[in-house]
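Heads up: the structure comes next, in structure tokens.
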Amino acid sequence: MNEYLRMLYLARRNWQYLVGGILAMIGCAGFEGAQFGAIVPLADRIFTNKPIVLPTGLPPFLVRYAEQLNNMDRTSLFWSVVFIIPAFYLVKGGLVYLRGLFMNTLAQRSVTDVRGDLFRKYQDLSLDFYSQKRQGELMSRITNDAGFIGHAISFGLTDIFYQSILAVMFAVIALTISWKMVLIILVVFPANAWFIHVIGKTIKKQSIQSQESMADLNSILAETNQGVSIVKAFSREKHEIERFDVLNKKFYRAIIKGIRRSLVLSPITEFLAALAIMVVFLIGGQAVLAGKMSFGVFALFISSLISIQRPIKKLAEVYSINQQALASSKRVYDFLDWKTLITDAPGAKECAAPGNAIRFADVSFRYDKDQAGLVIKNFTHNFEIGKMTALVGPTGCGKTTIMNLILRFYDVDSGVVSFDGQNIREVTVSSLRSHVGLVTQDMILFNESIRENLRYGKLDATDEEVLEAARQAMALEFIERMPEGLDTIVGDRGMKLSGGQKQRLCIARAILKDPRILLLDEATSALDPQSEHMVQQALDNLMKDRTVIVIAHRLSTIRHADCILVMENGRIMQKGIHDDLLNTSELYARLASYHFNQ
């Protein structure tokens with residue numbers, strides 16, 4: 001119940017629709033009861049022309065009502081019923097419509113809220129979260145799991161309230177007529193409840209397995225779509241199809257197992273209820289034959305008992321739906337409850353643009369906190385404003401990690417990173433990153449126009465500013481050749497552009513932001529020598545009064561750097577300028593020979 005209430009808490013912002021839906025359900029149930037109550041006058045007074053005979057001990061108002069019906073003219077009663085039926089179903093139909101409208105609106109608004117909450121949480125989480133989770137798993141939470149919760153609210157919650165109201169109403173009718181015979185039915189409920197509980201537990205377990213299988217399917221789908229060029233280049237289409245088929249069949253088996261368990265609930269509950277009704281029919285039938293109860297009253301009693309079976313059956317089905325939804329709810333809360341590591345400290349101040357230096361003071365850091373190995377070890381250095389600092393070293397030495405720490409994608413394990421003496425953990429994250437421009441070798445573009453991709457660095461930029469940034473990044477020439485110019489859609493991850501074009505747009509995006517700090521991680525790796533030279537000139541103009549930190553494996557990118565840090569195993573081995581390091585650093589000379597084509 002705690003899990004179920006927590007799932008319903010996801011719908012808390014739309015409670016007014018739940019209230020409206022419950023009121024409509026109560027009205028529908030009332031008309032349903034009145035519909036069954038019409039059995040008595042129809043059977044006894046209209047069709048058999050016999051008086052209504054009630055069991056002894058009923059409430060006085062029911063006795064008086066029966067007497068009034070007995071005293072009414074048979075023909076008048078018949079025409080009253082004929083004219084009441086259309087009005088009856090008209091009002092009931094309106095209530096059914098409102099019930100469906102309120103509950104489906106509640107469900108869809110709640111699903112929208114859950115998806116929004118998840119997406120906002122994804123944006124709020126730090127990079128350590130994404131290093132532990134698969135893309136397909138994140139997609140599955142927003143698509144499948146949110147959908148299961150919506151289904152449980154629209155259908156499950158509707159049936160829980162409506163079918164429960166019906167079951168109580170039919171039970172009250174039956175109890176009013178003969179509480180002794182109802183006791184026979186009650187013997188069935190514990191057996192039903194136990195059976196539903198046992199099957200429900202297996203359904204929940206199976207639902208978790210099926211949803212995990214769907215996450216696996218989403219993951220492989222995302223991987224193959226993003227790496228489609230590699231798949232085709234290595235002719236691995238058949239391998240990927242076989243890999244997908246294995247997971248697809250695994251998902252099918254998990255779904256079928258859950259369906260089998262769900263389907264077995266209905267026939268078992270119906271069979272147990274039928275046994276109890278059979279016994280009641282034998283006892284009640286004898287009362288009718290003895291004249292202690294009229295046929296219409298007994299028909300109402302039997303109809304009520306049979307009608308109780310329908311909501312119980314529906315509630316059993318709802319239990320199955322809810323078990324699936326509870327599994328989804330748990331998976332959703334696993335993400336919503338995830339602790340965000342990178343947050344603003346209490347009382348965090350706005351970060352001023354650095355005017356002197358970015359300082360690393362005895363910084364150590366590891367990505368996996370459960371492992372002993374440090375990626376950065378006792379790193380100390382001042383990155384001076386207006387200077388270009390290059391980071392070189394073998395793969396895995398910690399170059400990109402330095403940039404990640406400046407952007408505060410991660411927090412240091414020990415030591416301090418500061419801007420002009422201000423610890424970056426004491427300033428707001430957004431104000432810190434507002435001073436930093438980043439260009440990476442990943443060339444991340446969004447499936448929007450060139451204009452919108454460039455404005456990602458400055459949302460209010462004018463077209464003139466966008467074009468100027470493109471010109472400085474040597475992107476204007478190929479943009480003007482495109483039929484739609486700045487309005488050209490670049491495709492998913494920029495698939496419609498060449499590698500060099502994508503890289504120049506990424507550089508233009510950073511230029512448009514006009515940051516105080518530029519972080520260039522292999523930023524010119526996809527450019528031809530001529531374009532790289534021109535872009536480098538543009539970057540040289542931007543470096544005035546700014547700090548530029550660059551990672552590159554090409555000599556032309558960093559040979560004029562004001563300071564080069566030679567790194568190995570997370571430490572600074574040597575520092576200096578290019579010409580000096582060629583003579584003083586064996587590691588740098590080796591890197592220059594192998595990686596810089598020296």
Side-chain angles (χ1 to χ4, degrees), residues 354 357-360 376 379 381-407 409 417 419 433 435-444 457 472-474 500 502-511 513-529 531-568 570 572-582 585 587-588 591-592 594-598:
I358 300 171
R359 176 168 174 76
F360 278 64
I376 299 296
F379 187 99
H381 181 73
N382 281 355
F383 295 92
E384 297 183 29
I385 296 300
K387 304 293 184 181
M388 176 180 178
T389 303
L391 306 177
V392 301
T395 300
C397 69
K399 303 185 294 293
T400 300
T401 302
I402 294 298
M403 292 187 171
N404 289 339
L405 295 177
I406 291 174
L407 281 162
F409 287 160
V417 179
F419 283 13
R433 293 172 183 169
H435 301 303
V436 183
L438 175 66
V439 181
T440 70
Q441 58 185 328
D442 291 335
M443 300 179 290
I444 301 298
Q472 293 186 46
M474 296 303 301
K502 288 190 286 186
Q503 192 65 284
R504 280 178 275 176
L505 289 183
C506 291
I507 293 172
R509 180 171 60 194
I511 291 173
K513 185 179 180 180
D514 193 23
R516 303 291 294 174
I517 304 163
L518 287 172
L519 304 181
L520 309 175
D521 188 353
E522 299 285 356
T524 59
S525 61
L527 300 179
D528 57 81
S531 295
E532 180 189 3
H533 174 72
M534 294 180 178
V535 170
Q536 191 62 54
Q537 287 182 326
L539 293 176
D540 289 341
N541 293 332
L542 285 174
M543 286 192 300
K544 184 179 180 181
D545 296 327
R546 291 177 176 84
T547 297
V548 176
I549 303 174
V550 58
I551 298 173
H553 291 156
R554 298 171 70 170
L555 176 62
S556 57
T557 308
I558 62 172
R559 67 186 308 163
H560 300 300
D562 297 292
C563 180
I564 300 173
L565 304 184
V566 184
M567 297 180 62
E568 188 174 28
I572 299 176
M573 306 307 293
Q574 287 91 20
K575 62 176 70 175
I577 60 175
H578 170 69
D579 292 336
D580 292 343
L581 288 173
L582 284 176
S585 173
L587 174 58
Y588 184 78
L591 291 171
Y594 293 139
H595 296 291
F596 302 153
N597 299 317
Q598 278 291 101

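This is a predicted model, so every value here is computed, not measured.
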Verdict with reasoning, Thr389 to Leu565, per side chain to side chain contact (heavy atoms under 4.5 Å, CB included): CA-CA 7 Å; Thr389 303; Leu565 304 184; 4.0 Å; yes

Criterion side chain to side chain contact (heavy atoms under 4.5 Å, CB included) on Phe419 and Ile385, from CA distance to verdict: CA-CA 10 Å; Phe419 283 13; Ile385 296 300; over 6 Å; no

Residue pair Leu391, Ile549: steps toward the side chain to side chain contact (heavy atoms under 4.5 Å, CB included) verdict: CA-CA 7 Å; Leu391 306 177; Ile549 303 174; 3.9 Å; yes

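Across all their heavy atoms, Pro394 and Glu568 have their closest contact at CG-CG, 4.4 Å. Between Ala357 and Asn382, the shortest heavy-atom distance links the atoms CB-CB, 4.4 Å. Here the closest heavy-atom approach between residue Gly437 and residue Pro515 is recorded as N-CB, 3.3 Å.
The backbone N or O of Lys387 lies less than 3.5 Å from no partner atom in the side chain of Asp562, so there is not a single donor-acceptor pair. Panel note: side chain Lys575, backbone Cys563; no donor-acceptor pair is recorded below 3.5 Å. With Thr547 contributing its side chain and Glu384 its backbone, the two residues share a donor-acceptor pair below 3.5 Å. A distance-only check finds a donor-acceptor pair linking the side chain of Arg504 to the backbone of Met474 [under 3.5 Å]. When atom types are taken as modelled, the side chain of Lys513 and the backbone of Val436 share a donor-acceptor pair closer than 3.5 angstrom.
For Phe379, the ring-ring contact (aromatic ring centres under 6.0 Å, His included) partners at least two apart in sequence or on another chain are Phe360. The ring-ring contact (aromatic ring centres under 6.0 Å, His included) search around Phe409 returns none, not counting sequence neighbours. A search for ring-ring contact (aromatic ring centres under 6.0 Å, His included) contacts involving His435 returns nothing, not counting sequence neighbours.
Between Cys506 and Val439 there is a side-chain heavy-atom pair separated by less than 4.5 Å. For the pair Val392/Met567, no side-chain contact is recorded, criterion being any heavy-atom separation below 4.5 Å from C-beta on. Taking the side chain as every heavy atom from C-beta outward, His381 and Ile572 approach each other to under 4.5 Å. At least one side-chain heavy atom of His578 sits less than 4.5 Å from a side-chain heavy atom of Tyr588.
Of the options Leu519, Ile517, Thr440, a side-chain contact (heavy atoms from CB on, under 4.5 Å) to Met403 is made by Leu519 and by none of the others.
Atom OG1 of Thr401 is separated from atom CG of Leu405 by 6.5 Å, given to the nearest 0.5 angstrom. Distance check: Gln503 CD to Leu505 CG gives 9.5 Å after rounding to the nearest 0.5 Å. Rounded to the nearest 0.5 angstrom, Leu438 CG and Ile444 CD1 are separated by 10.5 Å. Note that the CE atom of Met388 and the CD1 atom of Ile564 stand 8.5 Å from one another [nearest 0.5 Å].
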